[in-house]
Amino acid sequence: MPDTENAVGQLACALRRSRAALGLTQSQAADAIGKPTSTIQRAESGAAAPKKSVVDGYVAKLGLNSEDAKQLFEKATRPLGRQRRSLTQAPHPRMVSTRDELGRALARIWEGNNRPSMQKLEDRVQAARKDETRKPFVFLSRSAAYRISHRQQLPSGVEQLRAYLYACKVKERQFPIWIQGYHRVKAKEKEESAAKKTADSEERGRWRGWRGRRQAVSIMANAGLIPAEHFPRSVTAPWTAQCMTCGLISRFRLLDVGQGRECPRCATPSP
């Protein structure tokens, strides 16, 4: 009996049922369809997907439901790799607000388009660039398409985003939704960058002047470290210092030292 756990086996069982419903043997079914008996035997064994002409014969001569036959045949002949692949989990473009979310959404539309090759993506845009009736697209290279579809980078701008969406067969009336999401992500990144610059500036101001340097040197001395260069005016910047116990010269961050980090050589237990 065919294995009903896979698509080929399910199709074979459907073929068997349609023949049995008419009370025909495999030889009689072969005569009715106009195929060799061996072909009918292979089709009903579930060992491999039959040709479409065989399935069409069951529909035309043995009463197999055409819609069921179409669905089962498409499922049975779909490549295994494509059956097992799952789509990247991503929010709707209206809900996109971070770089990661936009990257996953862009990857998903490529996957939902049956993962076309990078050459095909490039060719689709090139063909559209020759169409004078539409707004022109910028060139989309295979390397750029690969990096975007594999979440290695975002489009360099709105025009490249439009080209990528078109290559992945996204309807043009949906482009504004994606463009708005792209602008949200860029605006958020700009805000975060400005906030980081402000925080860094405030931190440098805190450690500026002799009071800041003196406090930093005191923290290092309490940890048994002697600075070997001027204080970089940042708790996160590397600062060269020498251990007063073992003499090791290394790079330390004041933040780590203040949190209890010791000299790596002295902190390593002796064998």
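Within the 4.5 Å cutoff, the side chain of Phe139 has no heavy atoms near those of the Gln160 side chain. Considering only heavy atoms from C-beta on, Gln10 comes within 4.5 Å of Lys75 through its side chain. Between Pro93 and Gln174, the closest side-chain pair of non-hydrogen atoms is not below 4.5 Å. Within the 4.5 Å cutoff, side-chain heavy atoms of Met220 are placed close to those of Leu254. In this structure the side chain of Val185 reaches within 4.5 angstrom of the side chain of Val96, judged on heavy atoms. Arg214 has its side chain out of reach of Val217: every pair of non-hydrogen atoms, C-beta onward, lies at least 4.5 Å apart. Considering only heavy atoms from C-beta on, Pro136 stays 4.5 Å or farther from Arg129 through its side chain. Residues Leu225 and Ile219 are not in side-chain contact: their nearest non-hydrogen atoms beyond the backbone lie 4.5 Å or more apart.
Nearest approach of Arg19 to Ala29, heavy atoms of both residues: CD-CB, 3.6 Å. Scanning all heavy atoms of the two residues, the minimum distance from Cys266 to Cys243 falls at SG-SG, 3.6 Å. Of all heavy-atom pairs spanning Ala12 and Ala43, the tightest one is CB-O, 3.4 Å. Counting all heavy atoms, side chain and backbone alike, Glu229 lies closest to Pro238 at OE2-O, 4.1 Å. Contact between Cys168 and Arg124 at its shortest, heavy atoms only, is CA-NH1, 4.3 Å. Annotation for Arg108 and Thr88: closest pair NH1-O, 2.7 Å, computed over non-hydrogen atoms.
Following chains of ILVMFWY side-chain contacts shorter than 4.5 Å, one can reach Phe175 starting from Tyr164, so the two form part of one hydrophobic cluster. The same ILVMFWY cluster, assembled from side-chain heavy atoms under 4.5 Å apart, contains both Leu255 and Trp239. Neither Trp178 nor Met95 shares a network with the other; the hydrophobic side chains, linked directly or stepwise wherever heavy atoms of I, L, V, M, F, W or Y lie under 4.5 Å apart, form separate groups for each. Both Tyr146 and Leu161 sit in one connected hydrophobic cluster of ILVMFWY residues. Membership requires side-chain heavy atoms under 4.5 Å apart, directly or through other members.
At distances below 3.5 Å, at least one donor-acceptor pair connects side-chain atoms of Asn65 with backbone N or O atoms of Glu67. Proximity of a side-chain donor or acceptor of His92 to a complementary backbone N or O of Arg94 within less than 3.5 Å is detected. Under the 3.5 Å distance criterion, the side-chain polar atoms of Arg261 are left unmatched by any main-chain donor or acceptor of Phe252. Of the possible polar contacts, none joining the Asn113 side chain to the Ile109 backbone as a donor-acceptor pair under 3.5 Å is found. Formation of a donor-acceptor pair under 3.5 Å by the Glu74 side chain with backbone atoms of Gln71 is not found in this model.
Counting heavy atoms of neighbouring residues, nucleotides and ligands inside a 6.0 Å radius, atom NZ of Lys186 exceeds 12 of them. Surrounding CD of Gln119 are more than 12 heavy atoms belonging to other residues, nucleotides or ligands, all under 6.0 Å away.
The salt bridge (Lys or Arg N to Asp or Glu O under 4.0 Å) analysis of residues 234-244, with sequence neighbours excluded, yields no pairs. The stretch residues 29-38 participates, sequence neighbours left out, in these side chain to side chain donor-acceptor pair (under 3.5 Å) pairs: Lys35-Ser53. Applying the salt bridge (Lys or Arg N to Asp or Glu O under 4.0 Å) test to residues at least two apart or on different chains, the pairs with a partner in residues 144-167 are Asp100-Arg151, Lys135-Glu159, Glu159-Arg162.
For Tyr166, the ring pair (Phe, Tyr, Trp, His ring centres under 6.0 Å) criterion is met by Phe137, not counting sequence neighbours. Arg253 is linked by a salt bridge (Lys or Arg N to Asp or Glu O under 4.0 Å) to Asp256, counting only residues two or more places apart in sequence or in another chain.
Looking only at atom types and distance, the side chain of Glu189 has no donor-acceptor partner in the side chain of Ser193 under 3.5 Å away. With no hydrogens or angles considered, no side-chain donor-acceptor pair links Ser27 and Thr25 at under 3.5 Å. A side-chain N or O of Arg251 and one of Thr240 form a donor-acceptor pair less than 3.5 Å apart.
If you take CG on Leu121 and CH2 on Trp110, they are separated by 8.0 Å, rounding to the nearest 0.5 Å. In this structure, CD on Gln126 lies 10.5 Å from OG on Ser141, to the nearest 0.5 angstrom. Rounded to the nearest 0.5 angstrom, Arg184 CZ and Ile179 CD1 are separated by 12.0 Å. One finds the CG atom of Asp123 at 7.5 Å from the OG atom of Ser117 (value rounded to the nearest 0.5 Å). Between Ser143 atom OG and Gln153 atom CD the span is 8.0 Å, to the nearest 0.5 Å. To the nearest 0.5 Å, the span separating OH on Tyr182 from CG on Leu106 amounts to 10.0 Å.
Other cluster members for Val55: Leu11, Leu15, Leu22, Leu24, Ile33, Ile40, Val54, Tyr58, Val59, Leu62, Leu64, Leu72, Phe73, joined by side-chain heavy-atom distances under 4.5 Å among Ile, Leu, Val, Met, Phe, Trp and Tyr.
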TODO: Please step through side-chain contact (heavy atoms from CB on, under 4.5 Å) for the pair Leu154 and Ile148, ending with a clear verdict.
DONE: CA-CA 6 Å; Leu154 294 182; Ile148 296 172; over 6 Å; no

Test log, rule side chain to side chain donor-acceptor pair (under 3.5 Å), inputs Ser45 and Gln41
CA-CA 6 Å; Ser45 69; Gln41 292 172 341; over 6 Å; no

Problem set entry | Verdict with supporting geometry, Lys188 and Thr98, side-chain contact (heavy atoms from CB on, under 4.5 Å) | CA-CA 7 Å; Lys188 185 173 182 178; Thr98 67; 3.6 Å; yes

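Remark: Arg104 does not engage Glu111 in a salt bridge, criterion side-chain N to carboxylate O under 4.0 Å.
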